[in-house]
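One structure is given below, encoded as structure tokens.
Indexing begins at 1, ligand by ligand and atom by atom, following the structure's order. Atoms considered below: every heavy atom in the structure, side chains included; atoms not considered: hydrogens, waters and symmetry mates. Just so you know, residue 1 is the first one in the sequence shown, and it goes up from there. Quick caveat: nothing in here was measured; it's all calculated off a predicted structure.
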Amino acid sequence: MDYKELANLIFPEVKDISYYEERYPERELKEGAIVTRFAPSPTGFVHIGGLYQSLIARKLTEQTEGVFFLRIEDTDQKREVENGITGIVNALKDFRIIPDEGMISESEEKGKYGPYKQSLRKDIYQAYAKYLIEQGKAYPCFCTPEEVEAIRAKQEVAKIRPGYYGVWAKCRNHTVEEMAERIKKGESYIIRFKSPGREDRKIKHHDLIKGNVDFPENDQDIVIIKADGLPTYHFAHAIDDHLMRTTHVIRGDEWLSSVPLHLQLFHELGWKAPKYAHIAPIMKNDNGNKRKLSKRKDVEAAVSYYEEEGIPEEAVKEYLLNIANSSFENWRRANSDKSMDEFELQLNKMSVSGALFDMVKLLDVGKTVISRMTAEKVYEEAYKWAKKHDKELVNMLEDKEYALKIFGIERGNKKPRKDISKWSEVKENIEYMYDNKFYESEEGYPYQVINNREDIKKILTLYLEKYYEDSFDKQTWFENIKELAGEMGYAKEVKEFKANPQQYKAHVGDVSTVLRVALTARTNTPDMYEIMQILGKDRMSKRFEKAMK
Ligand code: GLU
């Protein structure tokens, strides 16, 4: 009996690997094109870190005219969730990150390098496991889980490095005959890789993000095919990324320590390994402690959170680019009207340790992103969000023409107003422009410097009688408020007031505040002239009447 016969006994049906090598040829892409992937388990949940990874992958492949694909890693069938793939596909779609190849729904895919779902690739993995067995580079292991656990316990007591390696790897030294005999007897087994490594030797790895890292060689005889016939992550990674002709593996840095094993697998299979880029996780400041954003503890760890809150997809992506390359911020400042797609992302400029996630900053990016939108776009996005999340806002937006006027205030000019950071803020932001909401509100009137009844009443009455017409242009409108201030004995100019503070009780700005508060019940609103123009004199005088009561 030799290895070949043993391999045949274990995997009698599988194809020769030459079949797969031909079926998945080298890709014909231009020099320097990056082929990479997002490879989640189908748990339905997409962590913000997964989106971050996908964004980086998508961007790099766009920059180099490469290929980005979505591979579903479902070899751990315990972790599966119903419609888990759809959840991932849709999450990426929400952020307009569209892979070139891979799964597009629960069971459909596109692209020539599939199947893109690992559970459908069982025969492929087995063909390569057979190939390794034929060369004596893999072997059946008959140890039961209890035996493996007993080995681990012994190692722990003796304070020895844990694992299935060297003298501890009981099954690696069985003769081929013995292996064959036990298989024929019906004993159950798994397939292990026979590692040629030695722990006392070092390997050098150059990571595209982490830089040069030295590791001891791998010497663990890891499981490559489990009892259910499916591969482990490590084996599937090597096979898939080889056959899918991946050039760059961009993944979370929890996998960095597996690099020695992965390089060894590629080497023993006779292949060139891909380049690796290990991304540091997104961190959170938790009462002074820096820790990973956690699915369990942090709502913002789930990408669904951003959709629910109505944080624009573009803002999230811009913010993630900020985290990815700190040079993005300067680029954005210098290129405020360009699309972020034009920014050149560089892997070697990514931070080696985890960046802190800063919600305040993200919302700030949200404000800028929304400020750059046209009123029409703001309307569409707010409406789309409202339809999913806020009936009342839908009603408010029904009168599109009116809503467009509101969203048009201080928009489209060189310094657009930055007052909305997310769609869930829109209602609160525009509420006072709707009479039903305005009159039912119990909010008081936060008058400031000028706050006595008589003066307020006088300002409002005079304003309507003498100083306001809908037909005024902005300049006239502005001059009229000054005139009103003058007539009331307030300073017509702030400068004048500051020069002679004893001479005046208040100034034109304080008069404006009275008008603003009476009109909106707020001290802070966008341009008052535009608000008055939209509301018109009739609605304005009704509001003033209420304010005077
Ligand atoms: N399924 C692995 C994970 O979700 C993929 C890691 C990789 O990108 O290779 O962590």
* Asked: Could you give the distance from OH (Tyr131) to NZ (Lys4), rounded to the nearest 0.5 Å?
  -> 10.5 Å
* Calculate, to the nearest 0.5 Å, the distance between atoms CG and CD1 belonging to Leu265 and Ile222 respectively. => 5.5 Å
Polar contacts were defined as any N/O atom of the residue lying under 3.5 Å from an N/O atom of the ligand; does this apply to [X] and ligand 1?
| X | result |
| --- | --- |
| Tyr233 | yes |
| His237 | no |
| Ser41 | no |
| Glu73 | yes |

What protein heavy atom lies closest to [atom]? Include the residue and the distance to one decimal.
| atom | value |
| --- | --- |
| atom 10 (O) of ligand 1 | Trp255 NE1, 3.1 Å |
| atom 5 (C) of ligand 1 | Ala39 O, 3.2 Å |
| atom 8 (O) of ligand 1 | Arg37 NH1, 2.7 Å |

* Salt-bridged, Glu149 to Arg152, with N to O below 4.0 Å? -> yes
* Is it true that Lys388 and Glu308 make a salt bridge, defined as a side-chain N closer than 4.0 Å to a carboxylate O? -> no
* Looking only at side chains, do His237 and Glu73 share a donor and an acceptor under 3.5 Å apart? -> no
* Asked: Any sub-3.5 Å donor-acceptor pair from Lys361's side-chain atoms to Asn322's backbone N or O?
  -> no
* To do: Measure from the ring center of Tyr276 to the ring center of Trp255 and say whether it is less than 6.0 Å.
  => no
* To do: State the atoms of ligand 1, each with its element, that fall below the 4.0 Å cut-off from a heavy-atom position in Arg251.
  => 7 (C), 8 (O), 9 (O)
* Side chain, backbone, both or neither: which part of Phe38 comes within less than 4.0 Å of ligand 1 when only heavy atoms are counted? -> neither
